[in-house]
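Just so you know, these numbers come straight off a predicted model, no measurement behind them. Both backbone and side-chain heavy atoms feed into the values below; hydrogens, waters and symmetry mates do not. For ligands, and for the atoms within them, numbers begin at 1 and follow the listed sequence.
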Amino acid sequence: MWKPDRSIKKPIYQQIADFMERRISFGEFPPGSTLPSERKLADYLEVNRSTVVLAYAELRASGIVESAKGSGTRVTKHKWGIAPKQTPNWKTYVEGGTFLPNLPFIRRIREELRKGSGIIDFASGELSDDLFPNEIVRELLQKQPFQEQLGYDDPQGYSPLRETLVSFLEQHLHIHSTDSSILITSGSQQSLYLITQCLLSPGDAVAIEDPSYCYSLPMFQSAGLRLFRLPVDDRGINPEDIVTLHRQHRIRMLFLNPNFQNPTGSVIAPERRIRLLEIASELGIPIVEDDPFTLTALNGDPPPTLKSLDQTGNVLYIGSLSKIAASGLRIGWLIAPQAVVNRLTDARQQMDFGLSRIPQWVANQFIADGHCENQINLLRKGLLKKRNELMRGLQDIMSDYITYTPPKGGLNLWCKINREVDDFKLLDEAIKRGVLFVPGSVYGSDQDCIRISFARPRFEEIIPGLTHLYEALQIHCK
Ligand SMILES: Cc1ncc(COP(=O)(O)O)c(C=O)c1O
């Protein structure tokens with residue numbers, strides 16, 4: 001007694017095709033049998049004949065029925081033809097796998113940015129378009145055409161780029177390396193991924209900063225690591241906390257972003273660095289130094305990296321071009337002992353056969369021809385100007401709501417909101433008013449903080465952005 005349902009969105013012909021397919025699959029029409037004529041079925045279902053014609057065409061297209069001249073529409077004899085079409089239940093698949101999804105706040109921010117609505121973006125921790133060396137790369141590509149082969153590259157990375165990096169890192173960061181101790185990665189993110197997947201096992205205890213870089217958190221959790229947090233203050237983490245943690249949990253690795261930490265902007269104080277390295281070597285704990293920001297130092301010499309002070313080989317160093325030149329090139333590097341580089345290179349071969357030679361070639365020309373120094377000088381001036389504008393705006397517009405330490409490098413400002421606030425409502429209100437930021441809870445346990453990236457918005461957007469943010473704060477702060 002089934003009849004198509006005219007109140008639902010699904011077209012009538014599709015409902016009829018599905019209905020007939022079900023009857024076929026339940027054996028009501030066995031293979032080789034003839035279906036009711038189009039006219040008969042149309043009368044029975046009280047629809048136009050043309051609707052049944054469409055429904056039968058749909059079944060034919062799926063190979064369930066066939067038309068033979070003069071003998072109507074028949075169920076095909078092949079077994080596969082009568083099997084009901086089964087769409088996989090993708091929901092069960094996407095909920096599977098070992099990769100945890102990003103935090104809801106991060107997904108919400110990404111969706112807003114994808115809309116391309118012109119929202120003022122204090123959320124993305126990256127450079128604005130005018131701070132990328134677009135013009136230089138364009139000219140470089142015109143002057144020196146790419147003439148390399150396009151086969152798979154060495155999974156350890158394009159060797160001229162590794163050689164160039166050896167002198168670049170020596171000159172700018174006093175890091176000694178050799179081309180064989182460098183692995184080129186698709187940004188620092190891939191270095192972190194390779195380390196968690198290849199050097200650690202589920203259940204291993206690792207110590208991370210609190211708060212810390214938000215994209216690494218689900219990655220660590222997906223790898224089944226047990227995370228222990230080291231509180232960060234204005235002088236970075238306190239090394240003595242590691243001793244206590246190690247006693248309790250046998251820490252296998254320390255992940256740190258010592259210079260201009262994301263999100264707090266803090267720099268580990270000199271005496272703490274020394275002590276940190278001492279403790280790491282006494283306890284035999286490797287330190288992963290995630291260092292995207294050292295060369296963004298706004299004034300004077302950049303602080304030293306742990307790697308440049310490490311005398312016992314405890315530090316695995318991760319760097320990248322993302323925050324100093326171009327995140328879209330996806331060029332990162334990892335400096336590690338030979339055994340580690342070999343292991344990760346081998347994994348790279350299984351994972352993606354190494355990075356494409358094209359961005360590696362571009363990066364090599366860019367650094368080897370001395371453009372990176374110019375870029376960094378311009379970048380630091382540009383960032384300083386924006387940081388100062390942000391400070392001015394915060395002072396003038398919202399000093400009664402927040403406290404902060406002016407960052408001396410990096411791309412971010414970490415603000416403490418002096419009142420109780422619901423992150424979710426605040427972000428919603430800010431989006432309504434055309435501005436984005438990242439709520440502090442994304443980075444760990446701190447509830448009443450927000451991260452403002454001053455590198456991403458254009459200079460002239462900073463004050464209007466802060467004004468909108470202030471309006472949102474006024475509504476949602478108690
Ligand atoms: C501390 C830190 N590490 C790693 C990354 C990843 O950077 P990329 O993969 O672009 O080099 C970021 C990006 O924001 C970061 O802030």
>> I'd like to check which ligand 1 atoms, numbered from 1 as shown, lie under 4.0 Å from a non-hydrogen atom of Asn257.
In response: 1 (C)

> How close does the nearest protein non-hydrogen atom get to atom 10 (O) of ligand 1, and which residue and atom is it?
Replying inline: Ser322 OG, 2.6 Å

> Would the number of heavy atoms belonging to other residues, nucleotides or ligands and lying under 6.0 Å from CD of Glu95 be above 12?
Replying inline: yes

> atom 13 (C) of ligand 1: which protein heavy atom is closest, and how many Å away?
Replying inline: Lys323 NZ, 2.9 Å

> Can you list the atoms of ligand 1 that are under 4.0 Å from a heavy atom of Phe293?
Replying inline: 16 (O)

> Given Phe220 and Tyr213, is the ring-ring contact (aromatic ring centres under 6.0 Å, His included) satisfied, shown in steps?
Replying inline: CA-CA 11 Å; Phe220 292 153; Tyr213 172 51; 9.0 Å; no

> Does one side chain, of His172 or Glu373, offer a donor that lies under 3.5 Å from an acceptor on the other?
Replying inline: yes

> Is ligand 1 less than 4.0 angstrom away from at least one heavy atom of Ser327?
Replying inline: no

> Heavy atom under 4.0 Å from ligand 1: found in Gln261's side chain, backbone, both, or neither?
Replying inline: neither

>> Tell me the protein heavy atom at minimum distance from atom 15 (C) of ligand 1, and give that distance in Å.
In response: Tyr213 CE1, 3.4 Å

>> Among all protein heavy atoms in this structure, tell me which lies nearest to atom 2 (C) of ligand 1, with the distance rounded to 0.1 Å.
In response: Asp290 OD2, 3.4 Å

>> What I'd like to find out is whether the side chain of Asp428 reaches to under 4.5 Å of the side chain of His476, using heavy atoms alone.
In response: no

> Which pairs count as side-chain hydrogen bond (donor to acceptor under 3.5 Å, both in side chains) when at least one residue sits in residues 466-475, sequence neighbours excluded?
Replying inline: Arg433-Glu471, Tyr470-Gln474

> Aromatic ring centroids of Tyr193 and Phe99 under 6.0 Å?
Replying inline: yes

>> Using a 4.0 Å cutoff against the non-hydrogen atoms of Ser320, which atoms of ligand 1 qualify?
In response: 11 (O)

> At a non-hydrogen distance cut-off of under 4.0 Å, which region of Arg330 contacts ligand 1 (side chain, backbone, both, or neither)?
Replying inline: side chain

>> Looking at every non-hydrogen atom in both residues, tell me the closest pair between Ser191 and Ile318 and how far apart they are.
In response: CB-CD1, 3.7 Å

> Between Ser188 and ligand 1, which residue portion shows a heavy-atom distance shorter than 4.0 Å: side chain, backbone, both, or neither?
Replying inline: both

> What's the shortest distance from atom 16 (O) of ligand 1 to any protein heavy atom, and which residue and atom give it?
Replying inline: Asn262 ND2, 2.8 Å

> Have Asn364 and Thr164 got a donor and an acceptor in their side chains that come within less than 3.5 Å?
Replying inline: yes

